[in-house]
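This report refers to the structure that appears directly beneath it.
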Amino acid sequence: MINKIVASVDEAVADIFDGATVLFGGFGGAGEPQELFAALLRQGAKNLVGVSNSIGKGDKGLAVLIGEGRIGKMICSFPLIKGGEAFQQQYRAGRIALETTPQGTLAERIRAGGSGIAAFYTPTGVGTEMAEGKELREFDGVPCLLEKAIKGDFALIRARCADRWGNLVYAKTGRNFNPIMAMAAKVTIAEVDEIVELGELDPETIVTPGIFVQRVIKRGRA
Amino acid sequence: MINKIVASVDEAVADIFDGATVLFGGFGGAGEPQELFAALLRQGAKNLVGVSNSIGKGDKGLAVLIGEGRIGKMICSFPLIKGGEAFQQQYRAGRIALETTPQGTLAERIRAGGSGIAAFYTPTGVGTEMAEGKELREFDGVPCLLEKAIKGDFALIRARCADRWGNLVYAKTGRNFNPIMAMAAKVTIAEVDEIVELGELDPETIVTPGIFVQRVIKRGRA
Amino acid sequence: MIPTPLTKEQLARRVALDLRDGQYVNLGFGIPTEVSNYVPPGREVVFHIENGALGLGPAPAPGQEDPELVNAGEQPVTLLPGASLFHHADSFAMTRGHHVDIAVLGAMQVSERGDLANWKVKGADLGGIGGAMDIALGVKRLFVAMLHTTNRGEYKIVKQLDYPVTGLACVKRIFTDMAVIDVTPDGLLLREVAPGFSVEAVQQVTEPRLTVAPDIQTIRWTL
Amino acid sequence: MIPTPLTKEQLARRVALDLRDGQYVNLGFGIPTEVSNYVPPGREVVFHIENGALGLGPAPAPGQEDPELVNAGEQPVTLLPGASLFHHADSFAMTRGHHVDIAVLGAMQVSERGDLANWKVKGADLGGIGGAMDIALGVKRLFVAMLHTTNRGEYKIVKQLDYPVTGLACVKRIFTDMAVIDVTPDGLLLREVAPGFSVEAVQQVTEPRLTVAPDIQTIRWTL
């Protein structure tokens, strides 16, 4: 019997290893897997490569992992945000590497990673700093950059509701990067508000099919 | 006020021009816009470039358009199917050109066309006839082919339900190519079973946001 | 008449007048965000946010905010009937794929060719790109809404960018507190000036030479 | 004992024994389609169809067919609790992106390197590729289920393909009515033979040289 529901959040993140690439869902506070962030902080893995829209802010989530020196490199679109001092300090001290990527390119690279697409050409970033070191090529008169897929060893995501097969639905703009990160990681761990019986989710409205999800943890079980 | 609902199926297809590239949704009989096919047959446009999973079969839909000599070129993954004699006759008489493409590559090329992605590298087709004339390049040790985006002037698609903004939901495997074709055409025309008031579709469960749809026609209005 | 620059609200109102019924529109941070409040009555404009929604409504009433429903600036928003929700890759398919009709972005600099700089301060080590590069190049028409000069009076409309580029040759129309200017193949075309401003006064705070539209008008921000 | 090739049902049953609890599996046309009927009790296997569903159930009862719910071979199907529906690009993300654990495809030829030919007859002008190329290269393990020879007795397991290629070096295990053979870096490894078949008898209908597994067994199609 398939049962992807794990008993504790600490068990859910237990095998995240030093140096792993971890995709972190969430955008602007919505759809952030806060309990998974906290568990990863307790767990201790370090020198992680983090992939996320921003670098987190304030005194929770990704910002704390960064502040504690647990992230060796960030791939993100917003390395500079209000409240993001934790990252700035680490960066300016030379303790964290940074790959800045436009948000749409970041999303597409993650989707490509989850879809078996090795690389793609996009017009975004031509003529900017983002073009440095990247192949430039014209298609139908439009100059484009070659961008490569991003894959994760783990994805830590947040959803509203799951069943034991790992099917997921989200809450409003809490969807954001979560469904594509689920596709792009070897092990996707979903933090959810609610778990329902198999068959309660309408097949037509499932956003992330369970094939993309390896573990489900209900919030409040920590 | 936005109102994408048109009064008749003939009006819906009136501006499809000779030589247009038309994306035809549907797979195995599910999600096929049969009334739009019939209207396009009456309308008379010719020398069309058709993009579809197969070449249609029997005495309806795409097979009839092909049999009547209205399609100058097909891009598809199944040019040879039972009941597809209309295509085979035209093809063997040299009256229709053919670009065969693997089904997953076809889907991805259409999605790329709708997403502003010019081209992508996929492992599918390496070492096969599909590789002829295509750039071969290795990424992380995996040989890949360069495949280019497909865009349509029009997409004829089928959905279950729409609202006046053009938001769509589908029926079961009638979804297939329809949502990605909606993204990839300048003018997407959706044939639907039902039209509901704005706000009746749950924002969380809309599969094709109305931004991708230009016209909606209710079945049975022909 | 004393030259009177537009207030930020008036500027947002002026931009809103250029949004047509049925258009899909993405708004950047700052002044652009305000534009959604001033769509003329009778026009149905569908606002897109890159973090995954179409059909934004007015700001929620105090106490009605939902932390799971925010815009790209992390402000709480609401959804209108007809709204839809989607993930980030689909959202950027809408912008990169030329489905969004208009984006209104803020700017640090705009060049006479329509080059845009808005993501990183000159000489800074860090900048927040976000979705600006994807949006700038991908939408059908890109508007910029900004103050005409920096608060130290420096040009923001320049011959050549010296701030880091967001996108080349992408801006179609510039709305400022002093003028409305089109970017054309023949250079910048001054179409409207703020009340009391002369062409010369606008030219003085604009580095590239402005061509003056034959039908130049005073900016109005109401119908 | 008289050499007794497996029936198609027995062959499908044998393949089904190799599907594990929790696996995601795509089935091709013909014999592979039958495999879903014989998953051993107690194992939850999730079947994927490339036209957009996960979690297929048994064939519908007569009269219960839904024309909007079909498999890739256009046959009516049903959905189990837990099923999900999605569009073609997402569906092929599952196969191309190595999310599907196993695919079982039919074949015209398989080479000793695991090259697969199954989409076009030798010398034909037309062939139906469908999703075979994407699936062959993208799933974690590719099984082939086919009769051991053509109905004219020609080799189907060959040194080198002379039919048009579907995918190179992609087949991991070959199930036939006479044998179960693994494709290994050292060539073909004969693991099981049908009841009454000698190694020599299987080798005779197989062009490349077979290595014999030390623990070679007779094929069983029930637990």
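Residue numbering restarts at 1 for every chain, and letters A, B, ... go by the order of the sequence lines. Remember, predicted model here, so these are calculated numbers, not experimental data.
Contact annotation for Asn71(C): only backbone heavy atoms (N, CA, C, O) come within less than 4.5 Å of a heavy atom of chain A. Proximity to chain A involves both the backbone and the side chain of Leu126(C), based on heavy atoms less than 4.5 angstrom apart. Interface remark: Ile110(A) contributes no atoms to any contact with chain C (heavy atom separation under 4.5 Å). At a 4.5 Å heavy-atom cutoff, the contact between Lys57(A) and chain C is made by side-chain atoms alone. Contact of Ala72(C) with chain A is made through backbone and side chain together, with heavy-atom distances under 4.5 Å. For Ile135(C), no part lies near chain A; criterion is any non-hydrogen pair under 4.5 Å. Of the two parts of Tyr91(A), only the side chain, counted from C-beta on, holds a non-hydrogen atom closer than 4.5 Å to a non-hydrogen atom of chain C.
Put simply, of Glu50(C), Gln75(C), Lys120(C), Met133(C), the one with the most heavy-atom pairs under 4.5 Å next to chain A is Met133(C). With respect to chain A, the highest number of heavy-atom pairs below 4.5 Å among Gly130(C), Ala136(C), Pro67(C) belongs to Gly130(C). Contact tally against chain A (heavy-atom pairs below 4.5 Å) for Gly127(C), Gly167(C), Gly52(C): the top residue is Gly127(C). Between chain C and the residues Ala107(A), Gly104(A), Gly125(A), the largest count of heavy-atom pairs under 4.5 Å involves Gly104(A). Counting heavy-atom pairs closer than 4.5 Å to chain C, the top residue among Glu32(A), Gln88(A), Glu129(A) is Glu129(A). Top candidate by heavy-atom pairs under 4.5 Å with chain A, chosen from Asp115(C), Ile49(C), Leu168(C), Leu69(C), is Leu69(C).
Here Arg141(C) does not pair with Asp101(C) in a salt bridge; the nearest charged N to carboxylate O distance is not below 4.0 Å. Between Glu191(A) and Arg160(A) no salt bridge is recorded (no basic side-chain N to carboxylate O distance below 4.0 Å). Salt bridge annotation for Lys172(C)-Asp182(C): absent, with no cationic side-chain nitrogen under 4.0 angstrom from a carboxylate oxygen.
Taking the six-membered ring for Trp, His88(C) and Phe27(A) have ring centres closer than 6.0 Å.
Test Val51(A), Leu48(A), Ile96(A) against Met74(A) for side chain to side chain contact (heavy atoms under 4.5 Å, CB included) and you get one pass: Ile96(A).
His48(C) and Thr95(C) are not linked by any side-chain donor-acceptor pair at a separation below 3.5 angstrom, with hydrogens and angles left out of the test.
Note: Ile211(A) CD1 to Thr188(A) OG1 = 11.5 Å, rounded to the nearest 0.5 Å.
Enclosure of atom NZ in Lys8(C) is not indicated, since only 12 or fewer non-hydrogen atoms of other residues, nucleotides or ligands lie within 6.0 angstrom.
Annotation: ring-ring contact (aromatic ring centres under 6.0 Å, His included) contacts of Phe37(A) (sequence neighbours excluded): Phe24(A).
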